[in-house]
Number of protein chains: 2
Amino acid sequence: MEMKNITISDIAEALNLSRSTIDRVINNRGSVAKETQKKVLDYIEKNDYKPNRAAKHLAKMTNCTIGISYYLPEKFAAQIKTGIEDVYQELKGYGLNLIIKEASSFAEQIDQIKEMKSKVDGLMVAPWSPKKTNSLINKFIEDKIPVVTFNRDAPESNRLFYFGCDYFKAGRISGELIKKITLTAGKIAIISNDDDLVGKSRVQGFYSILKENTFHQIIGPFTVYDHFGISDAYTQKDVNYIKKIIEDNPDLKAFYVVNQSLYLVARVVKEMGKKDQIKVIGFDLFDNFIPFLEEEVIDAVICQEPYSQGYFPVKILFEILVEDREVEKSEFITRLEVVLKENLNYYHNYHYL
Amino acid sequence: MEMKNITISDIAEALNLSRSTIDRVINNRGSVAKETQKKVLDYIEKNDYKPNRAAKHLAKMTNCTIGISYYLPEKFAAQIKTGIEDVYQELKGYGLNLIIKEASSFAEQIDQIKEMKSKVDGLMVAPWSPKKTNSLINKFIEDKIPVVTFNRDAPESNRLFYFGCDYFKAGRISGELIKKITLTAGKIAIISNDDDLVGKSRVQGFYSILKENTFHQIIGPFTVYDHFGISDAYTQKDVNYIKKIIEDNPDLKAFYVVNQSLYLVARVVKEMGKKDQIKVIGFDLFDNFIPFLEEEVIDAVICQEPYSQGYFPVKILFEILVEDREVEKSEFITRLEVVLKENLNYYHNYHYL
DNA sequence: TTGTACGCGTTATCAT
DNA sequence: ATGATAACGCGTACAA
């Protein structure tokens, strides 16, 4: 309704001062007498003045460019991009510009970041190799260009904050889940590939839950490269490898798969008709996992809010850049989402804006 | 950086027209020659003009009041209010005002809604009794005051949309979960109270999953009133009632609790030392559930994004009111979140902004 | 059909 | 220490 908010001019008029003085007090720029300061502050308190954010944006001609760099599995990136797209739609009208660079190798990512240096006011990066990106990140920081990480952290750099998953905790909840759904004693096979940092944490977290558990015996890790999840890329050899694990271990009760080869494992489990005997758990929601979740060949996947990983870092970084927002946390850890057949549809390309 | 966005004036200058003409084209207000229209449209397309949202807000003196009404368990409302608080902080600077009315009875809720009619530009309501609120909602709509529902829908009214949980689906995923974690054949006891609409849907959904399942026998529903979740309010009689269910059914494998008496059930299960034999599943995350989840007396609860139920409806309604946003959907269904011990902390008062 | 001119609330520059 | 004034980009009433 017409609950007209009071403005700086209103205050000025009421106190017989000029707008400039009020402005000085509000944004404490100094050069104002103690008494007047107090008078103004009191008035503001009493009449609950709210600065008009629109007018602020306008006057400041807020206009900033955020660079985004990542080297991630295509389908996963797509989910993050949905979040980026939404926040862009929301904030472009307030002066947000984006430069998005998708790398197809780590070397390329480094080059792309370097190239952005002169073009952006802030950087948001998912460093493929954190250790090898630290110094580059720090260079940005030295030049007063804020950097935040998402999806993958570079904790040893001077980035402002990390927005993403705690992969160790992700491993723990998988452990809890497998404990809860695996009905009888037996073996659990871990599938991973050893040059995968993320997978390594997921395995460690898993161990941390299951180590005191004598009910299950953990075998592996068995190495399966996930070919970035491309269904066709798996060879008969890959299939046989999984098959052999199943055949060699008649008391196998579950697969714990930390990379995208979850698709392969599910396929083999299904083909061998082992769906009811062997539980399958993995991570993230890729298109080729969906049918297996629907048939309950895959019992559950743990997700990590990919949408939010795109949406929030941009939003927060924008506020830092144009409104001097102070960030209180150095880590924003995304929720660990347990996705089963019946809530699957809420996690597959699902968002509100 | 200085990627200055182009403005209406820029366009006007470039095409030797006045700003008004450009404005007419952009907001197609008519009264503009076909050719000029095309010229302008082309130019806009080529130079990707983005309207400056801040300037728009400012010029329109956007200032609107949204009324919020609910009659909900206190602790649940608190979680929703966190979302409301955040969106208020975000939008108050753009002219958003809120009138929040918490009722302590349905009759009071109706009164409060009526009283708001003359004071708000839009209404957001969680109707305790949808059927008895329909006509009131429709009165708002007739007077051009948009109404949206949250947490509880009034599908037969003319509300613009509902933002909240699908309680039937929530029952289904509980069913799936209980199937997955209940190791051996036996009984599952349902706890509810029959005047609870939400609980009724949760029970129906549960049945829809478990009806073809011969492995488990469902008993109940047993009626337990939840005293709005106040721990002290449970009597010895309540305790004995749960106890008796356990004693009478030695092959009881799980409790499925659809109201806040989940606390009571968990307490009794724990006290009787039945934690490992009897699974316990319920809904929402109330403070007095937490310790039981940590000890795995309660195996899981299903949550429904309470934070989002506060945040998004306000945000969307605001955009409808001040920016004529069109709403494409009539339902925004919140995710069903599976909360276990290991991801508990992400769902208990957890948000990013 | 098109153009002019003022105001929205704030910031910033230049006087006093 | 305080005040006047011109932007910022857009909407709108009014004039041509």
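A, B, ... follow the sequence lines: proteins, then strands. Residue 1 opens every chain. Just so you know, these numbers use all the heavy atoms, side chains as well, and skip hydrogens, waters and symmetry mates.
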With B:Thr334 via side-chain contact (heavy atoms from CB on, under 4.5 Å) - residues at least two apart: A:Tyr352, B:Phe163, B:Cys165, B:Gln304, B:Glu305, B:Gln309
Sugar-phosphate, base or nothing in reach of A:Asp10, heavy atoms under 4.0 Å: nothing
Net bend of the helix from C:dT1-D:dA16 to C:dT16-D:dA1, end axes of five pairs each, nearest 10 degrees: 40°
Most 5' of B:Thr21 and A:Ser9 on DNA chain C, judged by nearest nucleotide: B:Thr21
Those residues of residues 37-44 of chain B lying under 4.0 Å from DNA chain D by at least one heavy atom: none
Pairing of A:Arg53 and A:Glu319 as salt bridge, 4.0 angstrom limit: yes
Span of DNA chain C, from the first to the last nucleotide whose atoms fall under 4.0 Å of chain B heavy atoms: C:dT1 to C:dG9
Sugar-phosphate only, base, or nothing, as touched by B:Ser31 at under 4.0 Å among non-hydrogen atoms: base
Nearest-Å distance for atom pair CE/C1', residues B:Met61 and D:dC10: 13 Å
Partners passing side-chain contact (heavy atoms from CB on, under 4.5 Å) against A:Asn27 (at least two apart in sequence or in another chain): A:Asp23, A:Arg29
Spacing between A:Leu17 atom CG and D:dA4 atom P, to the nearest angstrom: 11 Å
Under 3.5 Å, which donor-acceptor pairs do the side chains of residues 31-38 of chain B form with other protein atoms, sequence neighbours left out?
from: B:Thr36; atom 1: OG1; to: B:Ala33; atom 2: N; distance (Å): 3.4
from: B:Thr36; atom 1: OG1; to: B:Ala33; atom 2: O; distance (Å): 2.7
from: B:Lys38; atom 1: NZ; to: B:Asp42; atom 2: OD2; distance (Å): 3.1

Evaluation steps, side chain to side chain donor-acceptor pair (under 3.5 Å), between B:Gln109 and B:Ser69: CA-CA 7 Å; B:Gln109 179 175 41; B:Ser69 160; 3.2 Å; yes
Nearest-angstrom distance from the residue atom NE2 of B:His57 to C1' of D:dC8: 16 Å
A:Phe161 six-ring centre to A:Lys329 NZ/CZ under 6.0 Å and within 45° of normal: no
Partner residues of A:Asn158 under the side-chain hydrogen bond (donor to acceptor under 3.5 Å, both in side chains) criterion, sequence neighbours left out: A:Asn138
Flag side-chain contact, heavy atom, 4.5 Å: B:Asn97 against A:Lys50: yes
Test side-chain hydrogen bond (donor to acceptor under 3.5 Å, both in side chains) applied to A:Glu90 - qualifying residues, sequence neighbours left out: A:Tyr311, A:Lys315, B:Lys315
A:Asp121 side chain to A:Thr65 backbone, donor-acceptor under 3.5 Å: yes
5' priority, DNA chain C, between A:Leu58 and B:Ala33 [closest heavy atom]: B:Ala33
Residues that A:Tyr347 engages under side-chain hydrogen bond (donor to acceptor under 3.5 Å, both in side chains), provided they are two or more places apart: none
Summary of protein contacts for nucleotides 11-16 of chain D, nucleotide by nucleotide, where a base hit scores B, a sugar-phosphate-only hit scores S (4.0 Å, heavy atoms): BB----
Short side-chain N/O contact from A:Ser18 to OP1 or OP2 of D:dG3, under 4.0 Å: yes
Integer-rounded Å distance: D:dA1 P and A:Leu15 CG: 18 Å
Non-neighbouring partners of B:Tyr43 that pass ring-ring contact (aromatic ring centres under 6.0 Å, His included), sequence neighbours left out: none
Check: B:Ala54 main-chain N/O paired with B:Asn52 side-chain donor or acceptor under 3.5 Å: yes
Pairing residues for A:Lys75 by the side-chain hydrogen bond (donor to acceptor under 3.5 Å, both in side chains) criterion, not counting sequence neighbours: A:Asp287
